[in-house]
Amino acid sequence: MTPHPPATPAQPSYRPPSTSRGRAPGPVAASRAAAEPAADPRWARPALWALLLVTAVLYLWSLSASGYANQFYSAAVQAGSESWKAFFFGSSDAANSITVDKPPAALWPMALSVRLFGLSSWAILVPEALMGVATVGVLHGAVRRRFGAGAGLLAGGALAVTPVAALMFRFNNPDALLCLLMVCAVAAVLRALDDGRTKWLVLAGVCFGLGFLTKTLQAWLILPALAVVYVCCGPVALRRRLGQLLLAGLAIVVSGGWWVAAVELWPAASRPYIGGSQHNSFLELTFGYNGFGRITGNETGSVGGGGGRPGGGGGWGETGITRLFSSDMGGQISWLLPAALILLVASVWVLRRARRATDAERAGQRAEFLVWGGALLMTFTTFSFMSGIFHQYYNIALAPYIAALVGMGAGLFWRRGGRRAPFVLAVAVAVTAGWSFVLLNRSPEWLPWLRWTVVALGLLSAVGLVALGLLSVRAGASAGDGEQAGDGEQAREGAGARDGEPVGDGASPGRSPLRTGRHLAVLVAGLGVVTALAGPVAYTLDTVNTPKSGSIITAGPAVRGGMGGPGGGFPGGRRAGMWRGANGGTGGPGPGGPQGTRQAGRQGTQQSNNQAASPGRFPGQGQAAGGGRRAGGQGFPGGPGGFGERGAGRMGGMGGLLNGSKVSAKAKALLEKDAGDYTWAAAAIGSQNAASYQLATEKPVMAIGGFNGSDPSPTLDQFKKDVADGKIHYFVAGGQGGPGGGRGGPGGGRGGSSKITSWVEKTFEKVTVGGATFYDLTRKA
């Protein structure tokens, strides 16, 4: 839990320089000087470069094994690389029939990469991996400024090996860019807290605006916490603080609102339909399906819509304060979460009496804990209690906040935390070791030795920290050094203001009880770090070595007690401790147990990648590739039966709603023939179905009904007109329109995809090629 101590003495405490009139400078100048980083030890820069290099290797390793990852977004990237209009709107196809159900900022870097290097898995996913490396670097710099190089390295390393972070920085969902922008925003606010300069708050506003164009309102979850901390702790006059926040708000509106205004003012007839909305409105999408609907669960057009159940339950899992520690979520994000909360509370307590006017350094440290801690608590609370769509990979939003608090807290107590520092760190290490054991024990057949090793090292490290603390207390009592018991504050707060020494150290400047026995402390610190990171590293390595594809993916091995849906978080799942494997067996080791499920999932993914299944098949129409059914599992809406515990990344197509199928060479040739004579080479129900054929042929394929097949785009009349005008060549058979696809399903969508399917089947000639069925829309039956 603690970084290695610096090889050189710690930075001397800040002493405000005298002015020509013999007065110390004001709080702004003092804050700027206090925030200046100390001269780094010689190992600091090589260690940083090593961290970034290891992170890059980790995120780039075997990256192409995931193929096009989430084909839903990859198809939009391909479209944007072909058409600037599709690029601007985030259209699913280059002919601009419908957009993805998010704003397009996350697609832009990938689309530019594909324009430069051509369509490939690497061209799509490398920008995401580089975002991960950049996020680690920015977090390291933000923590290092006040807490030292060791703390920065620990924070950056903890983020790099957080399983859900490694998962999403190797994937093409919007969460990678959102995470980078949020870390940049927080770093800018921290700089504003240092020197009070407006430019930093404006820069933070720009990051929040771009974050809105990445994943709408989720980018603004932490805004209230950051604004409150700046109002309370900013180094300039209150009136100026409020004015600066107004300018930052203007920056948010401009940087995020320009695109929204363009879309809303653009004539609807000449732009693509806004996917995910029911009335072709981005504002409706923002505040409904992607906005407050996520909180309340009332998401019109959702695959699991309908809201939460009384008592805190919902179609997306039980809500409550323990949600992120559950079997489905815990291994993704919560390894260091207890330690982060412990260090947050303890650090704020230790720094509680610091005043900017007399001790700018420690007051600035407290403000940074409040910023990162406020961001963590706002996000944690929202994720814990939201009743709408919630997937495990959303937890990447928490990863940098947890990593920062762990690095900062460990750095604070390591260097100058007072006599209680070893005991605080001992508690953090012990709790982390115990919780890691619980998480690892949820996969009992996966690396069984690891959980016992973590407990042993954690116990040894905690005992060592306690021993150091007791030795320090005994030595201090013998020397009569005048420290107070308790939090280690100096007896006279005013002394710091007069002589320039910091207030609240409780130790000599730059010295900590943990640094009195140097060699023993280094050993104890190393054990603490190993204890904290062993579990996340193992999960992350498993994640990196497992191909991921589909719309719902998870990190790490299979776990007991997970929810029944894909990735453990799809609606309709029930908790259970056993799975039914691909062959129907239940319980215990073997095909029906956790390891068997894991193997079945891997085999299913391989199977789905080597067969040309009908991409329109929905749950209930056949066995989901790669999925063992879980005992007691309830079915996905639209078909009976549960699905395998692992996510869609280890499962097959899930009927084409969550992932597309591989397109056979014969089917590809069929669609490519004379494709230049049509606006759309084909049309298919649902974006994943359409994406499979679009990525295979690099020709526009219309996604009827958008992602869920429940959007009212196109209507039956519009579709008939496009067919009559000779714009669509083939219709891909098998889709049923998804929940709410014109049939009043649980999502409540207004889509007419089922009507379109019925009309096509009655009117046009059927063609079966390469195991898939099509309807030739140029030939009547």
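Given the structure is predicted, the values throughout are model-derived calculations rather than measurements.
Under the salt bridge (Lys or Arg N to Asp or Glu O under 4.0 Å) rule, Glu368 has a single partner from Arg191, Arg146, Arg362, which is Arg146. Screening Lys215, Gln218, His391 against Asp175 for a side-chain hydrogen bond (donor to acceptor under 3.5 Å, both in side chains) leaves a single residue, Lys215.
Side-chain contact between Thr135 and Leu159 is present, with at least one heavy-atom pair separated by less than 4.5 Å. With a 4.5 Å cut-off on side-chain heavy atoms, Asp40 and Arg144 count as touching. With contacts defined as side-chain heavy-atom distances shorter than 4.5 Å, the pair Leu341/Leu377 qualifies.
Residues passing the salt bridge (Lys or Arg N to Asp or Glu O under 4.0 Å) test with Arg294 are Glu299, sequence neighbours excluded.
The OG1 atom of Thr382 sits 4.5 Å away from atom CG of Leu221, with the distance rounded to the nearest 0.5 Å. Interatomic distance, SG of Cys207 versus CG of Leu178, reported as 11.0 Å (0.5 Å rounding). Summarising the geometry, atom CZ belonging to Phe380 is positioned 9.5 Å from atom OG belonging to Ser334; distances are rounded to the nearest 0.5 Å. Expressed to the nearest 0.5 Å, how far CE of Met131 lies from CE of Met168 amounts to 11.5 Å. Taken from CH2 in Trp335 to OG1 in Thr432, the straight-line distance is 11.0 Å, to the nearest 0.5 Å. Of the inter-residue distances, the one linking Trp200 atom CH2 with Asp194 atom CG reads 9.5 Å to the nearest 0.5 angstrom.
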* Asked: Does the side chain to side chain contact (heavy atoms under 4.5 Å, CB included) test come out yes or no for Leu217 and Phe212, once each step is laid out?
  -> CA-CA 6 Å; Leu217 296 181; Phe212 177 82; 3.9 Å; yes
* Chi angles and distances behind the side chain to side chain contact (heavy atoms under 4.5 Å, CB included) call for Ile396, Phe169 -> CA-CA 9 Å; Ile396 187 179; Phe169 285 129; 4.1 Å; yes
* Asked: Could you go step by step and tell me if Phe208 and Trp220 meet the ring pair (Phe, Tyr, Trp, His ring centres under 6.0 Å) rule?
  -> CA-CA 7 Å; Phe208 281 116; Trp220 294 355; 8.2 Å; no
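Panel note: side chain Ser461, backbone Val524; a donor-acceptor pair is recorded below 3.5 Å. A distance-only check finds a donor-acceptor pair linking the side chain of Thr543 to the backbone of Gly556 [under 3.5 Å].
Ring geometry for Phe437 versus Trp452: interplanar angle over 60°, hence perpendicular rather than tilted (30 to 60°).
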Let me check something: any side-chain donor-acceptor pairs from residues 222-240 under 3.5 Å, sequence neighbours excluded? List them with distances.
residue, atom, partner, partner atom, Å
Tyr230, OH, Gln244, OE1, 2.5
Arg240, NH2, Thr198, OG1, 3.4

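Ionic pairing of Asp359 and Arg353 is not present here: no N-O contact between side-chain nitrogen and carboxylate oxygen is shorter than 4.0 angstrom.
A side chain to side chain donor-acceptor pair (under 3.5 Å) check over residues 156-165, counting only residues at least two apart or in different chains, returns nothing.
The heavy-atom pair separating Ile252 from Gly205 by the smallest distance is CG1-O, 3.3 Å.
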